[in-house]
Amino acid sequence: ALLLAISVILKVYLGIPVSFLGNLAKDINLSPAIIMLCGITMGPLMGGLVGGLTDIVATLIRPMGAYVPWFTLTNILIGVIPALFYRKKDVKEYKFGKCLLVSVVEQTVCSALLNNILLISLYGFPIEVAFFRAIGSYISAALYAAILYLLLNRTKSIFDKIK
């Protein structure tokens, strides 16, 4: 519940909308790092649940258009994909390289591919905007990896007690 609350606050109140060619190209926020943290530390079910609920609650608080369940699915994947890279009991130490790999894979699947496909097919987004979003996804991936690495190593002892 705490990770869900943090994720919603980061998405709704601390997000930075970025426009490109007159369209809202990307909403930069740090909620994916928290959702990935949840997936890695608590497993794919909890990660997916926090990801999906983050999208639903954020849409209720600050709607940015009509609710589209397909975007909730991509948010669920933000919590599920990183969990597949880590077996909870086998982790003794988190490495930055693996955090970066996890973040790049998650951003490629969820943001650069699925969200762009949805935006192009549902709203007719120009390809240029989708390309800009894809580049932004990889910049965000590096930021998420750094935050994820710090959070995982700082909170490892806390989450080890929960397991």
Side-chain angles (χ1 to χ4, degrees), residues 1-18 20 24-62 64 70-116 118-119 132-163:
L2 180 62
L3 292 176
L4 173 62
I6 292 169
S7 181
V8 168
I9 289 168
L10 289 173
K11 185 169 184 158
V12 173
Y13 297 109
L14 300 176
I16 302 168
V18 178
F20 184 73
L24 174 64
K26 190 146 180 76
D27 185 38
I28 298 172
N29 65 75
L30 300 178
S31 69
I34 303 301
I35 297 168
M36 288 189 281
L37 172 73
C38 183
I40 291 169
T41 57
M42 296 184 191
L45 180 63
M46 291 304 292
L49 187 62
V50 167
L53 288 174
T54 296
D55 186 65
I56 292 168
V57 172
T59 301
L60 290 172
I61 294 171
R62 185 187 72 174
M64 296 179 72
W70 298 112
F71 289 112
T72 302
L73 177 63
T74 62
N75 239 41
I76 290 169
L77 289 174
I78 292 172
V80 172
I81 291 171
L84 302 177
F85 281 81
Y86 288 94
R87 292 180 48 188
K88 291 188 276 187
K89 295 180 180 174
D90 293 342
V91 177
K92 293 182 178 39
E93 171 183 2
Y94 295 99
K95 307 273 186 197
F96 180 75
K98 192 163 184 181
C99 289
L100 184 60
L101 174 66
V102 166
S103 188
V104 166
V105 169
E106 175 272 319
Q107 282 293 290
T108 299
V109 171
C110 297
S111 187
L113 292 176
L114 293 177
N115 280 348
N116 276 339
L118 288 170
L119 289 170
F132 178 79
R133 283 179 48 80
I135 292 170
S137 296
Y138 293 111
I139 294 169
S140 297
L143 178 62
Y144 298 153
I147 293 169
L148 188 60
Y149 172 74
L150 291 171
L151 289 174
L152 284 168
N153 285 302
R154 298 284 180 172
T155 60
K156 184 173 180 349
S157 62
I158 296 168
F159 285 110
D160 283 347
K161 291 176 187 172
I162 295 173
K163 295 177 192 174

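What's counted below: heavy atoms across the whole structure, side chains too, no hydrogens, waters or symmetry copies. Here the structure is a predicted model, which means the values were calculated and not measured.
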#### Entry: Y94 and L148: CA distance, side-chain angles, deciding distance, side-chain contact (heavy atoms from CB on, under 4.5 Å) verdict
CA-CA 9 Å; Y94 295 99; L148 188 60; over 6 Å; no

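- Atom CD1 of residue I76 and atom CG of residue L73 lie 5.5 Å apart, to the nearest 0.5 angstrom.
- Looking at heavy atoms from C-beta onward, L3 lies out of side-chain contact with M46 at the 4.5 angstrom threshold.
- A pairwise comparison of heavy atoms in L10 and S31 identifies CB-N, 3.9 Å as the closest pair.
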### Message
Under the criterion side-chain contact (heavy atoms from CB on, under 4.5 Å), I'd like the reasoning laid out for W70 against N115: C-alpha separation, chi angles, the key distance, then a yes or no.
### Response
CA-CA 9 Å; W70 298 112; N115 280 348; over 6 Å; no

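- For the pair S137 (side chain) and R133 (backbone), a donor-acceptor distance under 3.5 Å is present.
- For A83, the side chain to side chain contact (heavy atoms under 4.5 Å, CB included) test picks out P44, with sequence neighbours left out.
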### Message
Between K11 and D55, is the side-chain contact (heavy atoms from CB on, under 4.5 Å) condition met? List the steps.
### Response
CA-CA 9 Å; K11 185 169 184 158; D55 186 65; 3.4 Å; yes

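- The distance from atom CG of L113 to atom CD of Q107, rounded to the nearest 0.5 Å, is 11.0 Å.
- Residues T54 and I78 fail the side-chain proximity criterion, which asks for heavy atoms closer than 4.5 Å.
- For F71, there are no ring pair (Phe, Tyr, Trp, His ring centres under 6.0 Å) partners two or more places apart in sequence or in a different chain.
- With rounding to the nearest 0.5 Å, the separation of CG in L4 from CG in L49 is 8.0 Å.
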### Message
Under the criterion side-chain contact (heavy atoms from CB on, under 4.5 Å), I'd like the reasoning laid out for I34 against V50: C-alpha separation, chi angles, the key distance, then a yes or no.
### Response
CA-CA 9 Å; I34 303 301; V50 167; 5.7 Å; no

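- At least one donor-acceptor pair under 3.5 Å links the side chain of N75 to the backbone N or O of G51.
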Atom pairs and distances, donor-acceptor, side-chain atoms in residues 95-106, under 3.5 Å, two or more places apart:
{"from": "K98", "atom 1": "NZ", "to": "F85", "atom 2": "O", "distance (Å)": "2.9"}
{"from": "S103", "atom 1": "OG", "to": "A141", "atom 2": "O", "distance (Å)": "2.8"}

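- Two residues are said to be in side-chain contact when any heavy atoms from C-beta on lie closer than 4.5 Å; N29 and L14 fail this criterion.
- Looking at T59 and T72, their side chains never come closer than 4.5 Å, going by heavy atoms from C-beta outward.
- For the pair L151 and T155, the tightest heavy-atom approach, listed with the atom from each and the gap, is O-OG1, 2.5 Å.
- Here the shortest heavy-atom pairing between V80 and G48 reads CG2-CA, 3.9 Å.
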